[in-house]
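Only one structure is covered here, and it is reproduced in the block below.
Quick note on labels: first sequence line is chain A, next is B, and so on, each numbered from 1. Worth knowing before you read on, the calculation uses all heavy atoms, side chains too, and leaves out hydrogens, waters and symmetry mates. Model, not experiment: these values are computed from the prediction.
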There are 2 protein chains.
Amino acid sequence: MEQRIERIKKQLHSQSYKLTPQREAVVRVLLEHEEDHLSAEDVYMLVKEKYPEIGLATVYRTLELLTELKIVDKINFGDGVSRYDLRKEGATHFHHHLVCLECGAVDEIQEDLLGDVEKIVEQRWKFDIKDHRLTFHGICHRCNGR
Amino acid sequence: MEQRIERIKKQLHSQSYKLTPQREAVVRVLLEHEEDHLSAEDVYMLVKEKYPEIGLATVYRTLELLTELKIVDKINFGDGVSRYDLRKEGATHFHHHLVCLECGAVDEIQEDLLGDVEKIVEQRWKFDIKDHRLTFHGICHRCNGR
DNA sequence: TATTGTTATGATAATCATTATCATTTGACA
DNA sequence: TGTCAAATGATAATGATTATCATAACAATA
Ligand SMILES: [Mn+2]
Ligand SMILES: [Mn+2]
Ligand SMILES: [Zn+2]
Ligand SMILES: [Zn+2]
């Protein structure tokens, strides 16, 4: 955790941004909820527990900054809010998601299953892929198992 | 075109909805812009040309209805608006998209490239896939060709 | 150390896409 | 023709995000 924060700090510095206490508090919340898909409001609530004087605007600004630096990915599951997803360290691609239509759970696939597909797209469509988004909608194993 | 509308009419009737003049006007605009990815506001503007007395709320309601019936897919490319994408007739899957980071163009891949990937996901994650969303972000062939 | 300039912050107002409300209209049917 | 449910259009309300602006933090410099 501390090392992870240290590396994020370096990433910020390399673009001449500072890791202010507010920014660090936001990053800590994201790290502590790595599995989840928090909205800005979610992050705000959680940060306030440890850092009550933070402002909502600062949370939005920090999340925007982290998105720019590709430390988090901003994603939209179709409910009205953007959600923020910490990128696994060293991950070159955005992981995939499984959204359950029954219970609403969002599971993650960390493995990259798109290697072959991307080769085809690059060749046939002459498209230079930088990133991707892949989400499956269906029934999760928990809801199915009955 | 007329036959396509006729079939959509039947689809509505089968769920005991009517194809009102307003709804038909919306469907016509979608058909005339099959390649595009129109927002509700876009659709509203275009429908007004032929049907000036239509209300914005009706456009939203119609698009919602068409989404429910899986005649269109609602998609979000990360600018602040939802966009509506007519499903190709008989298509069982939502087609894929190529978003150019340079010029902003959105191209489509009608072919389903996810067959093998979906088999793996269904088996390994015990997830019953009903639909998917796949978008690639990168540089399109036009921007790359220079 | 005092001064200056830049960056970040927090409170709050503004924006804007979408949804809710409600009176009115339409059209099917008795 | 009268009745009823569904659909519509105008408009208000909502709610997430962004803009604004005065203040704070802080580094660099004199
Ligand atoms: Mn995720
Ligand atoms: Mn499309
Ligand atoms: Zn489930
Ligand atoms: Zn391009």
On the 0 to 90° scale, with breaks at 30° and 60°, tag the A:His132-A:His96 ring pair as parallel, tilted or perpendicular. tilted

Does any residue of residues 23-45 of chain B have a heavy atom under 4.0 Å from DNA chain C, and if so, which ones, in number order? none

Is [X] close enough to [N] that one of its side-chain N or O atoms is under 4.0 Å from OP1 or OP2 there?
X	N	result
A:Gln22	D:dA25	no
A:Thr20	D:dA25	no
B:Ser82	C:dT18	yes

Please check if atom CD in B:Glu53 has more than 12 non-hydrogen atoms from other residues, nucleotides or ligands closer than 6.0 Å.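 Enclosed: over 12 neighbouring heavy atoms sit under 6.0 Å from CD of B:Glu53.
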
Mark yes when over 12 heavy atoms from residues, nucleotides or ligands other than A:Lys9 sit less than 6.0 Å from its NZ; otherwise mark no. no

Length of the line joining [X]:[atom1] and [N]:[atom2], which is rounded to integer Å:
X	N	atom1	atom2	result
A:Ile54	C:dA11	CD1	P	10 Å
A:Tyr60	C:dA8	OH	C1'	19 Å
B:Asn76	D:dT17	CG	C1'	13 Å
A:Leu65	C:dA8	CG	P	8 Å
A:Glu64	C:dT9	CD	C1'	15 Å
A:Tyr17	D:dA25	OH	C1'	18 Å
A:Arg61	C:dA11	CZ	P	11 Å
B:Leu56	D:dA7	CG	P	18 Å

When you match B:Lys18 and B:Lys48 each to their closest nucleotide on DNA chain D, which lands nearer the 5' end? B:Lys18

Any side-chain heavy-atom pair of B:Val106 and B:Phe77 under 4.5 Å: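 Contact flag for B:Val106/B:Phe77 side chains = yes.
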
Of B:Gly80 and B:Ala57, whose nearest nucleotide on DNA chain C comes first from the 5' end?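 Its nearest nucleotide lies further toward 5', so the answer is B:Gly80.
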
Pair A:Glu2 + A:Arg28, salt bridge at N-O below 4.0 Å: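 Here A:Glu2 pairs with A:Arg28 in a salt bridge, since their nearest N and O are under 4.0 Å apart.
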
A:Asp85/A:Arg133 ion pair, N-O < 4.0 Å: no

Name all residues meeting the salt bridge (Lys or Arg N to Asp or Glu O under 4.0 Å) criterion together with A:Glu68; count only those two or more places apart in sequence or in a different chain, and write none if there are none.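 By the salt bridge (Lys or Arg N to Asp or Glu O under 4.0 Å) rule, A:Glu68 matches no residue at all.
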
